[in-house]
Amino acid sequence: MSEIKKSTRTSFAEAIVEVGNEYKDVVTVAADSASRYGDFVKKFPERCFNVGIAEQTMIGVAAGLALCGKIPVVTSYANFLAFRAIEQVRVDIATAGLDVKMVGTDTGFSSAWLGFTHLALEDVAAVRSIPNIVIIDPADATEAYLATKAMFEYKGPVYMRLRGRKDEPVLFGKDYVFEIGKGNVLREGKDVLIISSGSAVYESLIAWEILRQKGISAAVVNMATIRPLDEALLLEITSSVQSVVTVEHHNVTGGLGSAVAELLAEKRPDVKLLRMGVKDTFGTAGSEEMLKAYFGLDGNAIAERIKSFLKNDYKSEVN
Amino acid sequence: MAKIATREAYGEALAELGEEMKDIVVLDADLSKSTKTSVFAKKFPERFFNLGIAEQNLMGTAAGLATCGKIPFASTFAVFACGRAFEQIRNSICYPNLNVKIAATHAGITVGEDGATHQSIEDMALMRSLPNMTVISPVDAVETKKAVRAAAMLKGPVYLRLGRHPVETIFDDNYEFEVGKGVVLRDGKDVALIATGTMVGESLRAAEVLAKEGIDAMVVNIHTIKPIDEEAILKAAECGAVITAEEHSIIGGLGSAVAEVLIEKKPVLIKRIGIRDVFGMSGKPEELMKAYGITAEDIVNAAKSLLSID
Amino acid sequence: MNQNEEKIKAIRLVAERIRKDSLWMSTRAGTGHLGPALSIADILATLYVGVMKIDPKNPKWPDRDRLILSKGHGCLALYSILSQVGFFDRKYLGDFCTKCDTLLPGHPELKLPGVEANTGSLGHGIAIGMGMALAAKMDGKQYRVFVVTGDGELQEGSNWEAAMAAAHHKLDNLVVIVDRNRLQLGDLTENISKLEPLEEKWKSFGWRVKSINGHDIKELLSTLNDVPFSIGKPSAIIAHTVKGKGLKIAENKVEWHYKVLTKEQYEDLKEELALEELQDE
Amino acid sequence: MLKKEELVYLQEMAKKIRCHIIEMTAVAGSGHPGGSLSCTDILVALYFREMRIDPHNPVWEDRDRFVLSKGHAAPALYAVLAEKGYFPIEELKTLRKTGSMLQGHPDMKKTPGVDMTTGSLGQGLSAANGMAIAGKLDGKDYRVYVLLGDGELEEGQVWEAAMAAAHYKLDNLTAFVDHNGLQIDGPITDVMSPEIIEEKFKAFGWHVIDINGHDFEEIINAIEQAKKMKGKPTVIVANTVKGKGVPYMENEVDWHGKAPTQEQAQEALKALRG
């Protein structure tokens with residue numbers, strides 16, 4: 001891991017300008033959220049629309065633009081996009097499979113201080129309940145940049161989770177490859193498989209290091225695409241690694257953990273699974289670091305939980 | 001046995017409860033005739049509020065009433081309740097843990113001809129993702145009545161999932177209902193059929209077919225999706241093979257809840273029966289159940305294929 | 001007869017056919033929203049025959065005018081008019097809610113040629129139409145977007161979000177036609193949540209408004225061909241209509257929002273209304 | 001008419017509240033000072049002159065209710081509640097800290113005196129409607145106040161609720177619009193104009209009063225007028241200045257959601273204390 005820090009929102013803003021150069025049909029629709037598009041707004045003012053604080057209209061307008069051959073990008077706080085406007089996302093965009101890119105920001109703990117209304121911990125669950133939508137949760141700025149570009153190479157609705165304005169560690173270098181629907185093995189290991197996405201990946205890597213020092217060999221997979229889930233990769237790894245832990249900065253219900261549980265329950269009932277995430281409770285206010293610790297989802301806490309998970313009879317585990 | 005839609009039972013139950021509990025108020029968004037809150041409205045017009053086609057305001061108003069000690073029942077179709085007003089339910093009702101009951105009708109694909117926009121196959125997933133929410137999906141008219149009463153007594157937000165289409169009445173009045181407690185309807189040892197709502201009837205039928213073929217199936221009614229009865233599920237899993245059945249997406253509802261419990265506590269063979277991550281479409285309820293593979297026959301086939309793997 | 005009168009006569013015939021088709025489709029299927037389809041028959045007939053620039057042989061023609069039926073439950077009328085102007089063969093009308101995965105479901109979907117948006121959930125149409133109107137402005141295209149909404153539908157806040165935004169973006173290529181039949185599923189709109197003064201509401205949101213008789217083809221034609229009423233402003237037309245128009249037992253009756261004729265009733269009315277045989281030969 | 005000493009009392013209180021807002025957000029290192037300062041005088045008029053409340057019994061059934069629909073102005077509400085005695089003034093320093101009773105947006109389960117959880121714009125008026133309906137239902141004479149932002153009027157739910165409030169003739173409900181003209185992306189008239197606000201509410205069946213939101217005399221007269229209005233809810237469109245009282249914040253959109261540094265806070269306090 002390098003010392004460089006950058007926010008996923010910054011690299012999204014950079015990538016979207018390049019995408020704008022490349023694809024003339026890309027337009028942005030904002031709901032009082034235009035700043036997230038960075039220089040795109042300055043560079044292509046005629047391709048930017050702001051509908052005000054009206055997220056439902058933002059989605060509807062994007063659908064109309066898509067129906068006229070545009071490739072709209074919408075963005076807002078994940079909560080207002082995936083909660084306030086969820087029915088519009090479902091009916092206007094998903095039922096028709098429209099080519100609209102939806103970017104929810106400030107997910108996980110990154111809206112920290114704003115309190116629970118802005119803490120998006122159920123957005124993946126909400127979007128995943130709706131058919132047709134690809135869901136991407138990039139681990140760092142590099143991946144956010146690549147994913148932003150990749151979603152325009154894909155035709156159809158995409159929901160991407162970004163975080164706040166705060167800079168965060170850059171995990172991946174120039175050689176990193178992102179492909180929709182493919183998990184990336186970041187660390188090989190044989191004792192336990194850690195699957196995570198988004199900001200939880202960084203913490204999982206810290207946990208990996210702590211575990212390594214204790215002589216535990218963990219594999220770490222970055223599952224940036226939560227749907228479609230990279231089933232082939234998981235089935236391959238779990239044919240030899242029998243203990244699996246999912247880590248997400250999201251509610252344990254409905255998100256990555258559930259997706260993995262659904263797969264393994266049906267295909268690998270011999271595997272033991274521990275789902276780590278926010279345990280079916282609402283968020284609270286605090287800095288991102290504080291909240292990670294508060295919910296037991298920072299590197300230390302993850303390592304501790306995995307140690308006891310491996311030690312104990314997993315049947316008595318209550319995550 | 002007589003077929004009665006669970007929404008009919010809901011309307012009657014509300015009208016009865018209204019007599020006993022003066023704090024109950026009922027809100028609707030222009031669908032009172034369909035959701036059957038009209039029965040209550042006729043009896044207690046001063047405690048009934050139609051807010052027009054405005055579901056977000058429906059939930060917000062219910063929240064406000066709850067802060068003043070009322071027990072609001074807010075009704076509309078499941079798609080609008082859980083979809084259009086999702087954020088309002090999250091922020092104005094669940095987070096403050098207000099005593100609001102959301103009784104949504106027309107859930108599932110058996111809504112029929114209205115088609116995809118009106119067929120709610122994600123509602124349980126959405127409601128289950130919200131902390132503080134209790135999610136109940138009753139089987140028939142009898143269970144619905146008991147569930148409505150239980151919801152009124154329970155303090156905190158409750159989501160009641162009701163259907164449009166008449167369904168067979170399975171239980172009699174002696175049936176005992178308790179929020180959060182699964183009910184074993186048929187004992188068995190080879191495979192456990194864990195079902196909710198309309199799929200309980202299909203599962204019982206499937207169990208009969210399986211019995212004829214020498215397969216002893218257990219049938220468990222999980223009417224409360226959240227909090228889920230882990231004990232009942234773990235007990236059912238002793239069969240060694242589990243099938244979940246729901247008229248809902250296999251993502252996020254009963255199937256996911258059971259998978260989550262079992263993979264962590266007692267891994268066994270599982271097969272989830274439900275809508276396989278696609279939208280609904282127009283058609284007659286029975287045709288649709290067939291088209292989406294959620295009939296007794298599908299359960300039978302799933303059971304057989306699970307057991308042959310064994 | 002001058003040209004205009006001829007056109008009006010032709011439109012009237014098309015509107016009559018919409019009504020007959022709606023009765024035919026819904027009776028056969030035993031389901032459907034009849035009342036709200038009958039109230040918009042004249043509006044849709046006028047738009048498709050006398051106003052809109054379309055090419056049914058090329059349903060995706062980029063320069064076409066668009067129509068979004070925001071009150072998607074009125075789709076019986078839409079299906080009829082789309083088949084009448086040639087988007088698809090009339091024989092498919094028999095598929096309305098009679099077979100699984102039909103192209104003609106209970107609410108309109110894009111898979112049917114001529115349908116411009118998936119609707120059925122109220123309060124979505126104006127925002128989608130607004131997106132289309134924005135696209136036209138961007139691309140320097142001349143097409144217009146017509147959105148037909150119900151009146152009760154205007155209780156949804158999403159309409160007012162979109163109305164505010166359309167005015168802000170000066171979308172004079174966007175036209176909303178409100179089917180003001182004064183009834184919604186449960187009751188009179190004014191008993192459920194008062195909409196009046198409706199004209200004032202649109203005006204206060206920055207739209208130009210006209211109120212007309214939604215069954216008077218002549219008035220419909222002249223008003224619809226007169227949009228935009230003002231350069232730089234979106235136009236709203238409040239079309240006063242009768243729910244169930246043309247079917248005496250259904251007119252102004254709230255229960256006919258979602259009710260259809262029985263086959264017996266249909267046979268009884270067949271002669272009087274010159275309806276088609278229910279069964280295909 | 002406001003007596004001279006009453007006016008001075010309210011003005012002094014408003015000054016105090018504004019100082020709290022600056023201090024709180026500076027300590028928290030985040031928060032929304034601009035929109036808190038613009039609505040301070042309205043809150044002071046309500047809590048220190050108008051509302052029937054009992055800080056020792058925050059859940060008193062007959063109390064007047066207040067819903068801060070523009071929940072991001074929480075610092076203003078917290079400062080008022082603390083000065084009113086709902087909780088110790090010391091608590092204000094814990095704003096936005098993990099475990100604090102003072103969340104980034106108002107939380108009725110955590111903070112005594114907060115009548116409704118808010119923070120997601122557009123939702124407060126609906127909840128206020130519910131409270132007003134309950135009041136009518138129970139034959140109680142309490143009144144319900146709700147404060148909306150002007151940008152917030154862009155949310156459709158506000159108009160759903162506005163329509164319903166008029167339909168139910170909720171004359172026990174009074175809404176304020178904090179008309180400061182700015183939202184995150186810029187002036188409301190550039191981003192998405194909700195103008196003309198007065199005409200919209202009139203068309204939605206409300207009694208409308210237009211005032212200077214920093215003039216106590218006008219605020220209180222408007223409240224009195226609203227109380228006399230029968231059969232209609234009243235909206236008071238209060239024309240305000242975002243960042244009011246702190247020269248470098250006034251009418252500056254950047255101060256919507258940014259906390260002052262300690263130095264900036266000192267400068268602000270100096271200006272406020274005059």
Side-chain angles (χ1 to χ4, degrees), chain A residues 20 23-34 44-74 76 80 84-102 130-132 156-157, chain C residues 59-68 70 72 105 107-112 115-141 143-145 147 156-171 173-174 205-206:
Chain A
Y23 304 85
K24 299 295 166 222
D25 286 335
V26 168
V27 296
T28 65
V29 189
D32 199 21
S33 51
F44 311 106
E46 72 292 352
R47 283 153 65 183
C48 298
F49 307 104
N50 202 331
V51 298
I53 310 170
E55 294 78 11
Q56 308 184 355
T57 290
M58 174 176 77
I59 298 294
V61 166
L65 286 161
L67 285 163
C68 293
K70 304 292 165 207
I71 307 169
V73 196
V74 300
S76 179
F80 307 139
R84 175 72 60 105
I86 193 73
E87 198 216 6
Q88 279 76 8
V89 169
R90 175 185 191 268
V91 176
D92 300 0
I93 291 173
T95 60
L98 295 181
D99 198 11
V100 176
K101 314 304 174 193
M102 298 169 275
I130 300 171
N132 284 348
Chain C
K60 295 281 165 209
W61 177 39
D63 292 325
R64 73 193 183 280
D65 286 339
R66 272 98 170 144
L67 178 124
I68 297 172
S70 191
H107 291 99
E109 293 183 27
L110 283 161
K111 59 191 175 187
L112 184 71
V115 172
E116 299 283 4
N118 288 355
T119 53
S121 207
L122 295 177
H124 290 221
I126 303 178
I128 298 174
M130 184 190 153
M132 294 175 171
L134 279 173
K137 292 275 177 195
M138 267 182 81
D139 295 346
K141 288 190 184 291
Y143 69 77
R144 298 164 299 174
V145 185
V147 182
E156 290 281 10
S158 47
N159 291 300
W160 300 105
E161 289 185 359
M164 195 185 287
H168 187 85
H169 287 285
K170 303 186 170 55
L171 298 177
N173 50 350
L174 180 65
F205 274 72

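In what follows, every chain begins at residue 1, and chains take the letters A, B, ... in the order their sequences are listed.
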*Taking side chain as C-beta onward, heavy atoms only, is C:M138 less than 4.5 Å from A:E46?*
no
*Value rounded to 0.5 Å, distance of CD in A:Q88 from CD1 in C:I128*: 8.5 Å
*Where on C:E109 is there a heavy atom nearer than 4.5 Å to chain A: the side chain, the backbone, both, or neither?*
neither
_Counting heavy-atom pairs under 4.5 Å with chain C, which one of A:R90, A:K70, A:M58, A:R47 comes out on top?_
A:K70
*asked:* Within this structure, what is the CG-CD1 distance for the pair C:N118 and A:I93, rounded to the nearest 0.5 Å?
replied: 11.5 Å
_A quick test of your reading: do over 12 heavy atoms of other residues, nucleotides or ligands sit less than 6.0 Å from NZ of C:K137?_
yes
*asked:* Just verifying a value: how many Å separate C:L110 CG and A:L98 CG, rounded to the nearest 0.5 Å?
replied: 7.0 Å
*Sort A:A62 into side chain, backbone, both or neither according to what part of it lies under 4.5 angstrom from a heavy atom of chain C.*
neither
*asked:* Nearest 0.5 Å, please: how far is SG in A:C68 from CZ in C:R66?
replied: 4.0 Å
_Residue pairs fulfilling side-chain hydrogen bond (donor to acceptor under 3.5 Å, both in side chains) with at least one residue in residues 160-169 of chain C, sequence neighbours excluded_ = A:T57-C:E161
*asked:* For the interface with chain A, which of C:G120, C:S121, C:P62 has the highest count of heavy-atom pairs at distances below 4.5 Å?
replied: C:S121
_Proximal component of A:E55, with respect to chain C [non-hydrogen, under 4.5 Å]_ = backbone
*Residues forming a ring pair (Phe, Tyr, Trp, His ring centres under 6.0 Å) with A:F44, sequence neighbours excluded*: A:F40
_Which atoms of C:N159 approach chain A - backbone, side chain, both or neither, heavy atom under 4.5 Å_ = neither
*Would you say C:M130 and A:V51 make side-chain contact, with heavy atoms under 4.5 Å?*
yes
*Would you check, one step at a time, whether the test side-chain contact (heavy atoms from CB on, under 4.5 Å) holds for A:V27 with C:L134?*
CA-CA 11 Å; A:V27 296; C:L134 279 173; over 6 Å; no
_Looking only at heavy atoms and a cut-off of under 4.5 Å, which of A:G69, A:G60, A:A63 has the most pairs with chain C?_
A:G60
*Against chain C, work out which of A:I53, A:D92, A:I59 has the most heavy-atom pairs shorter than 4.5 Å and name it.*
A:D92
*Closest heavy-atom pair and its distance - A:L67, C:A117*: CD1-CB, 4.2 Å
